[in-house]
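Report on the following structure.
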Amino acid sequence: MGNMRSNWILGFVLASFWFSSHSFLLSNDYYEKSCPSALAVIRSEMNVAVAKEARMAASILRLHFHDCFVQGCDASVLLDDTPTFRGEKTANANKNSIRGFEVIDGIKEKLESDCPGVVSCADILTVAARDAVILDGGPYWDVPLGRKDSRSASLDEANSNIPTPNSTLLNLLGKFLLQGLSATDMVALSGAHTIGQARCTSFRDRIYKGVEGAESDNVYLSELKGICPQTGGDNNLSPLDYVSPVLFDNAYYRNIINGQGLLNSDQELNMYGSITSEVVQKYAEDPLAFWQQFSDSMVKMGNIVNPLTFITGEVRKNCHLVNE
Ligand code: HEM
């Protein structure tokens, strides 16, 4: 009996690895016949959204990341709390922070009218994140498609899996490795911080307590202190890459080398003698190498599949709620 149970568990674990590491479950032309307008609709809606507010590109990219790190890329992050359902929106990393839901809703609405019940919210978010990068002048990559939307979410996993800005390098590495992502993937994906903004509460410790290797230029530090006082102003914003905040370039890595990464976690990547610091150096010198690896790592992150969702998942009618 015990043997049967352990065989069953072993089978499940092996199946999980098999599913999560096999992107061939997804395909680039998944909607070619069932919803030929899907990619064009997502692109044009993202165009409008980013033209209306430049930051939206960054916000959508981050939403996708927070989705994928919790039970795979299954749009669990988009689910609302209801009296009978607990979603991920109140997790520490998400509360008062993640944004862009209305853009995904707008895309979903158009696609439900073009091809009802066909395009998953998880795929919409994954493609929208790719388009966000392009709209900020970054690289193009093909997005494998065919994800299903979850019927569950996990607040606990959101709290434990999504990295926090004051984590140590070891802690950050652990959270990426748990998702099957390497140190190189982590450094490349952190390059997403070449766009977007952070709230004072996310970088207060970094500017008042300091961090090893971030002996930053006094002008930059005093500007940050102006935006982010020791008490109050928690929601005041500063660009993650102050040199080119809406351009998807490699300035983020040069900033880190100059001790001007905004978050502790950004500076941690350059910890003296670490493997990640060599990668930071490489991307600071070679923007194309950064783009290439970022594209590959985004595909890898986008392919984190929850095996359960793959079996029990659905195409939600409304990205905020599971289907009845
Ligand atoms: C290495 C671990 C990471 C940590 C600790 C981290 C942490 C953070 C924090 C604290 C913020 C600011 C949130 C706020 O103050 O409201 C932020 C913003 C952002 N993060 Fe990360 N992040 C990490 C990796 C990533 C990855 C892998 C991506 C995407 C591939 C990403 C994309 C973004 C973007 C685009 C923003 C700006 C969002 C906006 O302006 O709305 N981050 N991140």
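For the numbers below, each heavy atom of this structure counts, side chains included, while hydrogens, waters and symmetry mates do not. Numbering of residues begins at 1 and proceeds along the displayed sequence. When a ligand or atom number is given, it counts from 1 through the structure's own listing order.
- Close contacts between ligand 1 and G196 involve ligand atoms 37 (C), 40 (O) [criterion: under 4.0 Å to a heavy atom].
- Looking at N96 next to ligand 1, no N or O pair under 3.5 Å apart turns up.
- Residue P165 approaches ligand 1 through these ligand atoms, each under 4.0 Å from one of its heavy atoms: 5 (C), 10 (C).
- R204 places a side-chain N or O within donor-acceptor distance of the main-chain N or O of Q230, the cut-off being under 3.5 Å.
- For ligand 1, the polar-atom distance check against Q197 finds a nitrogen or oxygen pair separated by under 3.5 Å.
- Looking at L78 and R316, their side chains come closer than 4.5 Å, going by heavy atoms from C-beta outward.
- With a 4.0 Å cut-off on non-hydrogen atoms, H64 does not touch ligand 1 at all.
- Aromatic ring orientation, Y253 versus Y283: perpendicular (interplanar angle above 60°, classes split at 30° and 60°).
- Between T82 and L321 there is a side-chain heavy-atom pair separated by less than 4.5 Å.
- Judged purely by distance below 3.5 Å, without hydrogens or angles, the side chains of D185 and S297 pair a donor atom with an acceptor atom.
- For ligand 1, the atoms lying closer than 4.0 Å to a non-hydrogen atom of T164 are 5 (C).
- Atoms of ligand 1 found under 4.0 Å from any heavy atom of L189 (numbered from 1 in listed order, with element): 26 (C), 27 (C), 28 (C), 30 (C).
- Considering only heavy atoms from C-beta on, S76 comes within 4.5 Å of D67 through its side chain.
- Among all protein heavy atoms, the one lying closest to atom 12 (C) of ligand 1 is A198 CB, 3.5 Å.
- Within the 4.5 Å cutoff, side-chain heavy atoms of V299 are placed close to those of P144.
- For ligand 1, the atoms closer than 4.0 angstrom to any heavy atom of L240 are 18 (C), 19 (C), 36 (C), 37 (C).
- The shortest side-chain heavy-atom distance between R147 and V305 does not fall under the 4.5 Å cut-off.
- Atoms of ligand 1 found under 4.0 Å from any heavy atom of R55 (numbered from 1 in listed order, with element): 39 (C), 40 (O), 41 (O).
- Taking the six-membered ring for Trp and thresholds of 30 and 60 degrees, F176 and F65 have nearly parallel ring planes, at less than 30 degrees apart.
- The backbone and the side chain of P163 each have at least one atom closer than 4.0 Å to an atom of ligand 1 (non-hydrogen atoms only).
- Here the protein heavy atom with the shortest distance to atom 29 (C) of ligand 1 is A192 CB, 3.4 Å.
- Each of the atoms 1 (C) of ligand 1 lies under 4.0 Å from some heavy atom of S190.
- Taking 4.5 Å as the limit, every side-chain heavy atom of F248 sits out of range of all side-chain heavy atoms of P287.
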Worksheet item: Is there a side chain to side chain contact (heavy atoms under 4.5 Å, CB included) between D80 and F101 once you walk through the steps?
Response: CA-CA 11 Å; D80 285 344; F101 302 104; over 6 Å; no

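- Of the protein's non-hydrogen atoms, the one nearest atom 24 (C) of ligand 1 is F65 CE2, 3.4 Å.
- Within the 3.5 Å criterion, the main-chain N or O of Q260 finds a donor-acceptor partner in the side chain of Q267.
- Here the protein heavy atom with the shortest distance to atom 35 (C) of ligand 1 is A58 O, 3.2 Å.
- Residue S167 places every heavy atom at 4.0 Å or more from ligand 1.
- Looking only at heavy atoms of the protein, atom 9 (C) of ligand 1 is closest to L263 CD1, 3.7 Å.
- One N or O on the side chain of D149 and one on the backbone of A122 form a donor-acceptor pair closer than 3.5 Å.
- Ligand 1 has no atom lying under 4.0 Å from any heavy atom of F203.
- Between H193, E268, R62, it is H193 that holds the heavy atom closest to atom 42 (N) of ligand 1.
- An N or O contact shorter than 3.5 Å links S59 to ligand 1 by distance.
- Among protein heavy atoms, atom 16 (O) of ligand 1 sits closest to S97 OG, 2.6 Å.
- Close approach of ligand 1 to F176 (heavy-atom distance below 4.0 Å) involves ligand atoms 1 (C), 2 (C).
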